Asker: 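Please find one structure pasted underneath; my questions will follow.
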Amino acid sequence: MRVLGIESSCDECAAAVIEDGRTIRAEVVASQAALHARYGGVVPEVASRQHLRTIVPVVEETVAAAGGWETIDAIAVTYGPGLAGSLLVGLNAGKAYALAKGLPFLGVNHLEGHVYANWLHVNDETRPEPEFPAVALVVSGGHTDLVWLDGHGRYRRLGRTLDDAAGEAFDKVARLLGLGYPGGPVIERVAREADASVTLPRAWLKGTYDFSFSGLKTAVLHLTRERSAPPAPEVARGFQESVVEVLALKTAEAADRLGARQILLAGGVASNGALRRELARVATVPLRVPPVRWCTDNGAMIAAAGAVRLERGERSALDLDVEPSLKLASGPSAR
Ligand code: KG4
Ligand code: ZN
């Protein structure tokens with residue numbers, strides 16, 4: 001089965017065609033990062049208007065590269081979580097194409113998409129499938145969720161952030177340090193070049209799998225106000241170390257204690273090399289990480305998550321609405 005995946009939840013307008021839930025046939029990602037950079041963050045109105053301009057060319061270019069509409073069997077589209085105006089553009093485009101082409105249609109949870117980037121094949125090579133039960137750490141600009149997966153589509157929440165998402169913390173700290181937007185890649189780059197690192201607090205929230213990054217952000221704010229503030233790269237390195245250490249240790253500990261067979265790392269912050277290395281170092285069960293280009297938002301991950309559900313016969317009605325606050329797993333955090 002060939003699935004067209006469409007993603008427009010934030011500032012990436014993206015589409016991809018994948019085969020059998022795993023193999024990429026065509027992929028286009030139109031990033032709006034440069035457009036939002038001058039504002040220091042994503043401006044929702046600017047994002048939705050730009051999606052309106054790019055959605056049709058992005059989808060048409062992807063489908064043409066995959067061999068045309070007659071090669072497509074189904075359409076999977078992000079319907080939440082994300083910015084309402086941005087989600088609406090992709091979802092309505094997906095619905096309209098499904099209706100016009102007579103194709104099955106499915107709404108996909110964006111966070112599930114991030115997790116399923118781990119099922120995509122790299123350069124057509126066949127990797128062994130990720131194994132269940134798994135512990136997934138989803139770290140993006142809007143979310144930090146630690147979840148238990150005991151089968152396809154079966155999630156239980158272990159923990160989440162109580163305040164800022166990890167990516168949001170990277171973006172805010174980069175702004176405090178005058179490093180620009182998006183913050184994650186630039187913090188990673190300057191941290192690599194720093195000669196030293198400033199020691200910053202770690203919020204362990206012992207006895208839970210929850211996270212908190214707002215205290216760390218405030219600590220950076222206070223540092224930048226000091227008259228003899230340390231150089232930005234040293235603060236950036238200390239900040240990254242603090243985030244990475246807590247994320248990696250708590251994830252490894254959850255997987256170990258709960259008897260997971262796999263750790264799945266996912267989301268934009270999963271492209272961070274320090275996090276990938278630290279989690280690999282402390283994990284006692286095999287770690288799976290998507291290639292960097294499928295960590296940040298893309299259409300292939302939406303097609304991959306959609307394919308698993310479509311193959312099981314799931315379909316969405318054409319009156320499906322966007323859900324800006326959609327969760328991956330609900331319920332209280334649990335030990
Ligand atoms: O998953 P994503 O593309 O969009 C959301 O669903 O939010 O994640 C974007 C987030 C941004 O906050 C960005 O700063 C962060 O991922 N990010 C990184 C890196 N690359 C992107 N954070 C840390 N290190 C990176 N290399
Ligand atoms: Zn995302």
Side-chain angles (χ1 to χ4, degrees), residues 5-14 16 29-34 36-37 40-42 44 47 51 77-83 86-87 90 108-118 136-145 160-161 164-177 179-193 211 213 216-217 236-237 239-248 264-279 289-302 304-305 324-328:
I6 300 175
E7 157 62 35
S8 73
S9 67
C10 190
D11 63 342
E12 250 81 49
C13 192
V29 179
S31 173
Q32 304 177 359
H36 299 287
V42 177
H51 281 303
V77 190
T78 304
Y79 75 106
L83 301 169
S86 291
L87 287 165
V108 171
N109 182 319
H110 177 83
L111 301 169
E112 180 168 87
H114 274 304
V115 173
Y116 274 82
N118 281 295
L137 175 68
V138 185
V139 270
S140 69
H143 296 83
T144 298
D145 287 321
R160 68 193 156 98
T161 179
D164 293 346
E168 188 183 357
F170 269 93
D171 294 334
K172 286 178 175 170
V173 163
R175 199 181 322 171
L176 285 176
L177 297 175
L179 296 172
Y181 172 87
V186 67
I187 286 195
E188 181 173 11
R189 181 167 50 75
V190 301
R192 209 180 300 128
E193 289 154 12
F211 304 97
F213 300 109
L216 175 59
K217 181 187 64 190
R237 186 160 141 193
F239 163 79
Q240 180 174 275
E241 283 169 1
S242 179
V243 173
V244 160
E245 194 180 312
V246 174
L247 288 175
L264 302 169
L265 184 58
V269 183
S271 34
N272 186 280
L275 176 60
R276 295 160 85 99
R277 282 189 299 276
E278 181 63 8
L279 191 48
V289 188
V292 167
R293 71 177 183 284
W294 294 323
C295 287
T296 46
D297 295 348
N298 63 85
M301 69 185 201
I302 302 304
S325 306
L326 187 65
K327 305 273 183 287
L328 181 57

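All values derive from a computational prediction rather than experimental measurement. Order of listing sets the numbers, starting from 1, for every ligand and every atom in it.
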Asker: Would one find an N or O of Pro182, backbone or side chain, under 3.5 Å from an N or O of ligand 1?
Answerer: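 No; the residue has no nitrogen or oxygen that sits under 3.5 Å from a nitrogen or oxygen of the ligand.
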Asker: What residue and atom, counting heavy atoms only, is the protein's closest point to atom 20 (N) of ligand 1, and at what distance?
Answerer: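 So the nearest neighbour among protein heavy atoms is Ser271 OG, 3.2 Å.
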Asker: Of all the atoms in ligand 1, which lie at a distance below 4.0 Å from a heavy atom belonging to Gly141?
Answerer: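 Atoms satisfying the 4.0 Å criterion: 5 (C), 7 (O), 8 (O), 9 (C), 10 (C), 12 (O).
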Asker: For ligand 1, note which part of Thr296 has a heavy atom under 4.0 Å away: side chain, backbone, both or neither.
Answerer: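 Within the 4.0 Å criterion, Thr296 contacts ligand 1 through backbone and side-chain atoms alike.
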Asker: List every atom of ligand 1 that sits less than 4.0 Å from any heavy atom of His114, numbering the atoms from 1 in the order shown and giving each element.
Answerer: 1 (O), 6 (O)
Asker: Quick check: do Glu193 and Arg237 have side-chain heavy atoms less than 4.5 Å from each other?
Answerer: no
Asker: Are the side chains of Ser8 and Asp297 in touch, meaning some heavy atoms are under 4.5 Å apart?
Answerer: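 In short, these two side chains do not touch, never coming nearer than 4.5 Å.
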Asker: Tell me which part of His110 gets within contact of ligand 1: side chain, backbone, both or neither, using heavy atoms under 4.0 Å.
Answerer: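 It is the side chain that gets close, since no backbone atom is under 4.0 Å.
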Asker: Any N/O of Gly167 closer than 3.5 Å to an N/O of ligand 1?
Answerer: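 In this structure, Gly167 places an N or O atom under 3.5 Å from an N or O of ligand 1.
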Asker: With no hydrogens and no angle check, is any side-chain donor or acceptor of His110 less than 3.5 Å from a backbone partner on Tyr79?
Answerer: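 Here the side-chain-to-backbone pair does not exist.
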Asker: Could you tell me, atom by atom, which parts of ligand 1 come under 4.0 Å of a heavy atom of Gly142?
Answerer: 7 (O)
Asker: Looking only at protein heavy atoms, which one is nearest to atom 2 (P) of ligand 1, and how far off is it?
Answerer: Asp297 OD1, 3.3 Å
Asker: Look at the side chain of Lys172 and the backbone N and O of Phe170, then say whether any donor-acceptor pair between them is shorter than 3.5 Å.
Answerer: no
Asker: Let's go through Val108 and Tyr116 carefully: what are the C-alpha distance in whole Å and the side-chain angles of both, what is the deciding distance for side chain to side chain contact (heavy atoms under 4.5 Å, CB included) to 0.1 Å, and is it a yes or a no?
Answerer: CA-CA 11 Å; Val108 171; Tyr116 274 82; over 6 Å; no
Asker: Which is closest to atom 18 (C) of ligand 1 by heavy-atom distance: Ala191, Gly184, Ala274?
Answerer: Gly184
Asker: Would you please test Phe211 and Val243 for side chain to side chain contact (heavy atoms under 4.5 Å, CB included) and show each step?
Answerer: CA-CA 10 Å; Phe211 304 97; Val243 173; over 6 Å; no
Asker: Is it the case that the side chain of Thr144 and the backbone of Ala166 share a donor-acceptor pair, with hydrogens and angles ignored and the cut-off at 3.5 Å?
Answerer: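 Yes; at least one donor-acceptor contact below 3.5 Å.
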Asker: Suppose we only count N/O/S atoms under 2.8 Å; would Cys10 qualify as near the Zn ion (ligand 2)?
Answerer: no
Asker: Which residue, Asn118, Leu137, Val115, forms the side-chain contact (heavy atoms from CB on, under 4.5 Å) with Leu265?
Answerer: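 Single side-chain contact (heavy atoms from CB on, under 4.5 Å) partner of Leu265 among Asn118, Leu137, Val115: Leu137.
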Asker: Side chains of Thr78 and Leu87: closer than 4.5 Å at any heavy-atom pair?
Answerer: yes
Asker: Can you tell me if His143 has an N, O or S atom under 2.8 Å away from the Zn ion (ligand 2)?
Answerer: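 Not a single backbone or side-chain N, O or S atom of His143 is under 2.8 Å from the Zn ion (ligand 2).
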Asker: What is the closest protein heavy atom to atom 14 (O) of ligand 1, and at what distance does it sit?
Answerer: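 Among all protein heavy atoms, the one nearest atom 14 (O) of ligand 1 is Asp171 OD1, 2.7 Å.
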Asker: List the atom of His51, the atom of Ser86, and the distance in Å for their closest heavy-atom pair.
Answerer: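 The answer is CD2-OG, 3.4 Å.
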Asker: Any nitrogen or oxygen of Glu188, side chain or backbone, less than 3.5 Å from one on ligand 1?
Answerer: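 Between Glu188 and ligand 1 (N or O atoms, distance only) the closest approach is under 3.5 Å.
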Asker: Answer yes or no: does an N/O atom from Asn272 fall short of 3.5 Å to an N/O atom of ligand 1?
Answerer: yes
Asker: Just so I know, are the side chains of Leu177 and Phe239 near enough to count as touching, which here means a heavy-atom distance under 4.5 Å?
Answerer: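 A side-chain contact under 4.5 Å is absent here.
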Asker: Looking at ligand 1, does any of its N/O atoms fall within less than 3.5 Å of an N/O of Gly268?
Answerer: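 Yes; at least one N/O pair falls below 3.5 Å.
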Asker: Looking at Asp297, which of its N, O or S atoms is the nearest one to the Zn ion (ligand 2)?
Answerer: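 Closest N, O or S atom of Asp297 to the Zn ion (ligand 2): OD1.
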